[in-house]
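Quick caveat, the model's predicted, so the values are computed rather than measured.
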Amino acid sequence: MRHVYECPLRWSDMDSFGHVNNVIFLRYLEEARIDFMFRLARQADSGAFTGGSVVARHEIDYLRPLVHRHAPVSVELWVAKLGGASVTVAYEVKDTEQVYVRASTVVVPYDLKAGRPRRITEEERRFLGHYQDDAAGGSGGA
């Protein structure tokens with residue numbers, strides 16, 4: 001299963017070439033990931049990632065330019081790999097006609113009090129498992 005986040009485009013997202021700047025795509029991915037790991041997990045009554053997490057790696061393939069428009073762009077997100085102490089989240093930034101970006105992020109759960117990485121809890125594993133999609137393929141790094 002995939003989580004879909006509808007991400008609004010802002011006029012300030014464009015660069016001097018008239019399309020969304022490459023760095024802005026990281027913000028789109030972050031917004032979708034935060035919506036997934038915090039808002040959606042809370043709605044599922046899960047305590048997943050309440051202790052914190054850090055990004056260990058991003059990988060992005062820019063496929064097509066995206067120009068400003070009033071309609072949001074969809075960021076589809078799924079779990080590509082679930083390890084003992086990290087999760088790889090894969091994404092497609094797209095609309096009904098085309099895919100603009102394929103990407104992945106390695107997220108590591110983090111113990112804020114201890115100031116160090118930690119293992120994925122069973123509760124987090126259950127929540128993330130609902131969004132695991134090994135058959136998705138084609139995403140950067142996933």
Candidate pair I60 and V101, rule side chain to side chain contact (heavy atoms under 4.5 Å, CB included), full reasoning: CA-CA 7 Å; I60 302 176; V101 164; 3.6 Å; yes
Stepwise side chain to side chain contact (heavy atoms under 4.5 Å, CB included) test for F127 and F36: CA-CA 10 Å; F127 171 75; F36 172 68; 3.7 Å; yes
Audit row: W78, V89, side chain to side chain contact (heavy atoms under 4.5 Å, CB included) steps and yes/no: CA-CA 6 Å; W78 65 95; V89 178; over 6 Å; no
Check against side chain to side chain contact (heavy atoms under 4.5 Å, CB included), F25 and L66: CA-CA 10 Å; F25 280 102; L66 175 60; 4.0 Å; yes
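At distances below 3.5 Å, not a single donor-acceptor pair connects side-chain atoms of R125 with backbone N or O atoms of L128.
S74 pairs by the side chain to side chain donor-acceptor pair (under 3.5 Å) definition with E6, not counting sequence neighbours.
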Quick one: side chains of residues 106-115, donor-acceptor pairs under 3.5 Å with protein atoms, not counting sequence neighbours, listed by atom name and distance.
unit_1: Y110; atom_1: OH; unit_2: G115; atom_2: O; d: 2.8
unit_1: Y110; atom_1: OH; unit_2: R116; atom_2: N; d: 3.4
unit_1: D111; atom_1: OD1; unit_2: K113; atom_2: N; d: 3.1
unit_1: D111; atom_1: OD1; unit_2: A114; atom_2: N; d: 2.9

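Environment of CZ in R39: crowded, with over 12 heavy atoms of neighbouring residues, nucleotides or ligands closer than 6.0 Å.
The two residues R64 and V99 come nearest to each other via the heavy atoms NH1-O, 3.1 Å. The nearest pair of heavy atoms linking V55 to H58 is CG1-NE2, 3.5 Å. Summarising the geometry of S104 relative to T88, their closest heavy-atom pair is CB-CG2, 4.1 Å, with the distance given to 0.1 Å.
For residues 23-34, every residue pair satisfying the side-chain hydrogen bond (donor to acceptor under 3.5 Å, both in side chains) rule, not counting sequence neighbours, is listed here: Y5-E31, R10-E31, D13-Y28, R33-Y91.
For the pair M37/L40, no side-chain contact is recorded, criterion being any heavy-atom separation below 4.5 Å from C-beta on. A heavy-atom distance below 4.5 Å is not found between the side chains of Y131 and L77. L29 is listed as a side-chain neighbour of V93, based on a closest heavy-atom distance under 4.5 Å. Side-chain contact between R102 and L63 is present, with at least one heavy-atom pair separated by less than 4.5 Å.
For the side chain to side chain contact (heavy atoms under 4.5 Å, CB included) criterion with Y100, the lone passing option out of V20, D95, V75 is D95.
Annotation: the span from T121 atom OG1 to R126 atom CZ amounts to 7.5 Å, rounded to 0.5 Å. We find the NE2-CD distance between H3 and E76 to be 10.5 Å, quoted to the nearest 0.5 Å.
For R118 and E124, the salt-bridge test passes: some basic side-chain N is under 4.0 Å from an acidic carboxylate O. Taking a cutoff of 4.0 Å between a charged side-chain nitrogen and a carboxylate oxygen, K81 and D133 do not qualify as a salt bridge. Comment: E92 engages R2 in a salt bridge, judged by a side-chain N to carboxylate O separation of less than 4.0 angstrom. Under 4.0 Å is where a charged nitrogen must lie from a carboxylate oxygen, and between R57 and E59 at least one such pair does.
Annotation: H68 is in aromatic contact with W11 [ring centroid separation under 6.0 Å].
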